[in-house]
Amino acid sequence: MPEMLEIEIYRRSAEVIVGREIKKVRTPDSNYIKGGVRPANLRKALEGRTVVSARRHGKLLILETSDNGPSLGMRFGMTGVLVVDGVDAISDMQYSSLRRNPKWNSFSLEFDEGQLHMRDPRRFGRVELDPDESKMGPDAADMTFKEFRHALQSSAPIKARLMNQAVIAGLGNLLTDELLWRAGVNPSVLSRSLDDAQYKNLYKQMRATLRILGARGGSHRGDLHEFRHRDGICPKDGSLLCRETVGGRTTYWCPTHQR
DNA sequence: CCGGATGTTCACCT
DNA sequence: GAGGTGAACATCCG
């Protein structure tokens with residue numbers, strides 16, 4: 001999916017619908033509604049409400065509605081994109097041409113003027129009323145160093161821990177590989193085995209990764225990204241990158257400077 | 001044809 | 001209980 005940087009781009013593009021009344025809810029893919037809620041109930045809950053804010057928590061985009069109405073949580077799976085008033089805020093992601101096809105509209109809100117579509121070829125995304133945020137960790141961009149260090153006291157590999165949304169919300173496979181590469185930390189190292197200097201450096205590199213890749217336009221704009229393939233070389237020292245599954249995801253790392 | 005892809009969840013182990 | 005693994009979800013791409 002889109003990771004937190006992409007969701008933040010979606011959130012900004014959704015700000016233009018704040019103040020609009022939801023006239024119609026369309027659910028062409030009923031599997032897209034999480035929790036067995038019926039499409040009719042979703043419509044009843046949202047139609048006639050006004051969107052009062054668009055906020056983000058990790059990879060979750062949340063629209064709040066007027067008059068103590070329910071919030072609408074949106075998750076974008078691996079390939080979901082948000083299209084607001086016909087504008088796709090991210091045009092150079094994987095599957096970008098397919099995403100232009102309204103065939104993949106999975107969920108839509110319509111207003112007097114304009115509309116919001118979730119478009120998702122692989123259909124792994126979901127929408128949900130009043131999503132439970134209590135089981136999510138703090139957003140990666142808002143974490144203090146103390147919270148960060150505390151979150152990493154675990155016997156899981158550092159990469160698995162960083163990607164665990166219940167501990168830190170927002171980091172995905174690409175951002176995590178990039179920040180570990182920048183920090184010079186081996187993805188398989190047990191997270192509680194780092195020393196304080198390493199926690200500090202990791203925290204600093206997480207913030208830098210979010211800031212720099214955010215400014216460049218997304219999770220796929222990391223220095224490591226173009227080398228994440230078999231035969232990829234480390235752009236820092238020229239070593240052949242290792243490829244391994246860590247935390248259930250394909251992981252690339254440099255055997256020379258990531259220890 | 002096969003493996004793999006920015007994610008989440010669940011069953012089944014250790 | 002914590003955490004690992006593999007599968008499933010659905011579709012396209014190289």
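Note that the structure is a prediction, hence the values are computed from the model and not measured.
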Compare the minimum distances between each of C:dG4, B:dT8, C:dT11 and the side chain of A:A160, then state the nucleotide with the smallest one. C:dG4

Quantified in whole Å, what is the P atom distance between nucleotide B:dC2 and nucleotide C:dA7? 15 Å

Should A:K59 be listed as having a side-chain N or O under 4.0 Å from OP1 or OP2 of B:dG7? yes

Inter-nucleotide P distance (B:dT8, C:dG1), Å rounded: 24 Å

Separation of the C1' atoms in C:dG6 and B:dG4, to the nearest angstrom: 16 Å

I want to verify a distance call: between C:dA10, B:dG4, B:dT6, whose nearest atom is closest to the A:N31 side chain? C:dA10

Side chain of A:K34 only, please: which of B:dT9, B:dG4, C:dG3 is the nearest? B:dT9

Are any of the side-chain nitrogens in A:R12 or A:E15 under 4.0 Å away from the carboxylate oxygens of its partner? no

Please tell me whether A:M163 and A:L210 are part of a single hydrophobic cluster in this structure, the criterion being side-chain heavy atoms less than 4.5 Å apart. no

C:dG3 P sits how many Å from A:R192 CZ, rounded? 8 Å

What is the distance, rounded to the nearest whole Å, between atom NE2 of A:H229 and atom C1' of B:dT6? 17 Å

If the plane angle is over 60° it's perpendicular, under 30° parallel, otherwise tilted; pick one for A:F148 and A:Y203. tilted

Distance check needed: B:dG3 P versus A:R230 CZ, whole Å only. 10 Å

Has A:R20 got its NZ or CZ under 6.0 Å from the middle of the six-membered ring of A:F111, at an angle within 45 degrees of the ring axis? yes

Let me know which of A:Q115, A:K23, A:H117, A:R26 forms a side-chain hydrogen bond (donor to acceptor under 3.5 Å, both in side chains) with A:E110. A:R26

Should A:F76 and A:M118 count as side-chain neighbours, where that means a heavy-atom distance under 4.5 Å? yes

Nucleotide nearest A:S154 when distance is taken to its side chain, options B:dT6, C:dC12, C:dG3: C:dG3

Options C:dG4, C:dT11, B:dT8, nucleotide nearest the side-chain atoms of A:W104: C:dT11

So what does A:S155 hit on the nucleic acid, given a heavy-atom distance under 4.0 Å: a base, only sugar-phosphate, or nothing? sugar-phosphate

Roughly, in whole Å, what's the span from CG in A:L224 to P in B:dT6? 12 Å

Between A:M4 (CE) and B:dT6 (P), how many Å, whole number? 18 Å

Among B:dG4, B:dT8, C:dG3, the nucleotide that comes nearest once only the side chain of A:Q165 is considered: B:dT8

With both distances under 3.5 angstrom, what nucleotide forms a Watson-Crick or G-U wobble pair with B:dT8? C:dA8

In this structure, how many angstroms lie between the C1' atom of B:dT6 and the CD atom of A:E6, rounded? 6 Å

For A:R126, report the nucleic acid contact type (base, sugar-phosphate, nothing); a contact means any heavy atom under 4.0 Å. nothing

Measure from the side-chain heavy atoms of A:M78 and tell me the nearest of C:dG3, B:dA5, B:dT8. B:dA5

Looking at the base of C:dA10, is there any donor atom on it, or on the side chain of A:R122, that sits under 3.5 Å from an acceptor on the other one? yes

Over how many whole Å does the gap from A:R161 atom CZ to C:dG4 atom C1' extend? 14 Å

Separation of B:dT6 atom C1' from A:R228 atom CZ, nearest Å, is 9 Å

With a cut-off of less than 4.0 Å, is there a side-chain N or O of A:R221 near OP1 or OP2 of B:dT6? no

Which nucleotide, B:dG7, B:dA5, C:dG4, lies nearest any side-chain atom of A:T250? B:dA5

Does A:F124 lie flat on the base of B:dT8, that is, centres under 5.5 Å apart and planes under 30° off? no

